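The structure appears below as structure tokens.
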Amino acid sequence: MTHNFIWSVSFLVTMIAGTLRAQEQVQASSFSFSDGIHPTFRCQFEGTDMKYVESWWRDELKGISASVSSKKELTASSVLVPSISSDTLRIQVKVEQRKGSPHTLAHVAIKSTAGYVGPDSEARLYDASQAFVEQRSTGLRRQLAQQELTVAEKGLSALRNALNDLEREQERARSSVEKQKQRAAEAVEDQERTRQQLDAMSDPLKKQQRTTDSDPSEENMKDLKDLQKEHDRISGRHQKAIEAETGALKKVSELEWSIRQNEEDQVKKKASIAEQETLVTALQEKLERIR
């Protein structure tokens, strides 16, 4: 494992931890809505976009309100949150993502019968409102973190499957190398056997040729033709054995090259797996810390 790899993983884990701390903070702020500037609870999210956050808040508010409008911002009317107030509330949510920023901000304004809840509101009302927003924000962060973890786990599974495929390919290649070496050895044996057969036929063939030259009878011509045919057949087998050895050795060379490439690919894949495992662990810890 290289120094650069160690540094990149350490940086990644530190970044995840730092991002989580930043996201956990629900801060008092203010924001301009269509009906004016109101005090808000600001929540920060990463790894998502405006549309997703708006959709999530819309679904949350639909379950506790009489109606939700999304014309200019999300506006929930007659919202029932007993932990905040026994009276109904009005909740407005505006989501923004500033250009070039990886963060999505949700501005949540809560209006009770006493007006918009802010730092100057009665402490119990403010704390309950903040707890409500923190609870919902934590739910969204957990959902996003789980999705991020799921993607990372799928990526790790894909890398491990790819490594298994490489290992199986390597085993098949090594088995093929042995088979090709065996074929080359058998081809060498065939060459030696056919060479001996050709050597053994050399004198009889020459003798029959001389006999036929001196007495070109039909019988002698037939015997010469038969010997020549057998000689050609064995010679063909001998040539095929030479070609078989050459082809097998060439295949061995190609397979050994592919094995070396496979080994290099396995080293890279194992490094990627180690990095992905570190990422998965960091994301698991991130999810566990979101409470």
Side-chain angles (χ1 to χ4, degrees), residues 15-98 101-148 283 285-291:
M15 182 180 67
I16 289 174
T19 298
L20 178 60
R21 286 192 293 271
Q23 289 188 98
E24 284 177 342
Q25 299 172 1
V26 174
Q27 299 177 340
S29 184
S30 62
F31 195 76
S32 178
F33 292 83
S34 60
D35 57 352
I37 299 175
H38 308 309
T40 62
F41 296 96
R42 187 179 68 189
C43 321
Q44 178 176 295
F45 305 99
E46 190 174 55
T48 185
D49 55 26
M50 292 173 56
K51 186 176 180 180
Y52 190 93
V53 176
E54 286 175 355
S55 177
W56 192 90
W57 271 102
R58 184 185 299 109
D59 291 342
E60 287 293 307
L61 293 173
K62 279 183 177 179
I64 56 175
S65 64
S67 65
V68 178
S69 170
S70 56
K71 289 183 179 179
K72 295 183 179 179
E73 63 258 341
L74 292 178
T75 302
S77 303
S78 300
V79 185
L80 288 173
V81 185
S83 62
I84 298 178
S85 174
S86 58
D87 296 318
T88 58
L89 306 167
R90 184 169 185 259
I91 298 180
Q92 293 166 274
V93 179
K94 186 74 173 180
V95 181
E96 66 166 341
Q97 188 166 22
R98 293 163 187 170
S101 172
H103 303 118
T104 301
L105 300 176
H107 302 273
V108 183
I110 300 176
K111 186 179 182 181
S112 70
T113 54
Y116 282 94
V117 179
D120 296 333
S121 300
E122 187 265 321
R124 189 208 64 78
L125 179 63
Y126 181 82
D127 291 344
S129 298
Q130 185 180 44
F132 167 81
V133 177
E134 285 180 343
Q135 182 186 42
R136 265 53 184 187
S137 297
T138 297
L140 176 53
R141 279 195 294 271
R142 283 191 64 82
Q143 188 177 96
L144 293 171
Q146 182 61 63
Q147 290 174 353
E148 193 176 13
L283 292 173
E285 294 172 354
K286 172 184 174 179
L287 179 60
E288 290 170 2
R289 288 197 301 269
I290 299 176
R291 294 286 186 266

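Worth saying up front: this structure is predicted, and the values here are computed from it rather than measured.
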Do you know the tightest heavy-atom contact between [X] and [Y]?
{"X": "Phe45", "Y": "Ser137", "answer": "CE2-O, 3.7 Å"}
{"X": "Ser83", "Y": "Arg124", "answer": "O-NH1, 3.7 Å"}
{"X": "His38", "Y": "Ala109", "answer": "CB-CB, 4.2 Å"}
{"X": "Leu287", "Y": "Gln146", "answer": "CD2-OE1, 3.1 Å"}
{"X": "Trp56", "Y": "Gly139", "answer": "CZ2-C, 3.9 Å"}

Rounded to the nearest 0.5 Å, what separates atom CD1 in Ile91 from atom OG in Ser65? 8.0 Å
Closer than 3.5 angstrom, by distance alone: can the side chain of [X] be matched with the main-chain N or O of [Y] as a donor-acceptor pair?
{"X": "Arg142", "Y": "Ile290", "result": "yes"}
{"X": "Ser101", "Y": "His103", "result": "yes"}
{"X": "Lys94", "Y": "Lys72", "result": "yes"}
{"X": "Ser70", "Y": "Glu73", "result": "no"}
{"X": "Thr138", "Y": "Glu134", "result": "yes"}

Picking from Leu89, Ile84, Val81, what satisfies side chain to side chain contact (heavy atoms under 4.5 Å, CB included) with Ser129? Ile84
Identified side chain to side chain contact (heavy atoms under 4.5 Å, CB included) counterpart of Val95 within the set Val53, Thr48, Leu105: Val53
Could you walk me through whether Val133 and Cys43 pass the side chain to side chain contact (heavy atoms under 4.5 Å, CB included) check? CA-CA 8 Å; Val133 177; Cys43 321; 3.3 Å; yes
Hey, mind stepping through Val68 and Thr75 against side chain to side chain contact (heavy atoms under 4.5 Å, CB included) and telling me if it holds? CA-CA 5 Å; Val68 178; Thr75 302; over 6 Å; no
Would you indicate whether the side-chain heavy atoms of Trp57 and Val108 approach each other to under 4.5 Å? yes
Is a salt bridge present between Asp35 and Arg90, judged by a nitrogen-to-oxygen distance below 4.0 Å? yes
The complete set of ring-ring contact (aromatic ring centres under 6.0 Å, His included) pairs with one or both residues in residues 120-139, sequence neighbours excluded, reads Phe41-Tyr126
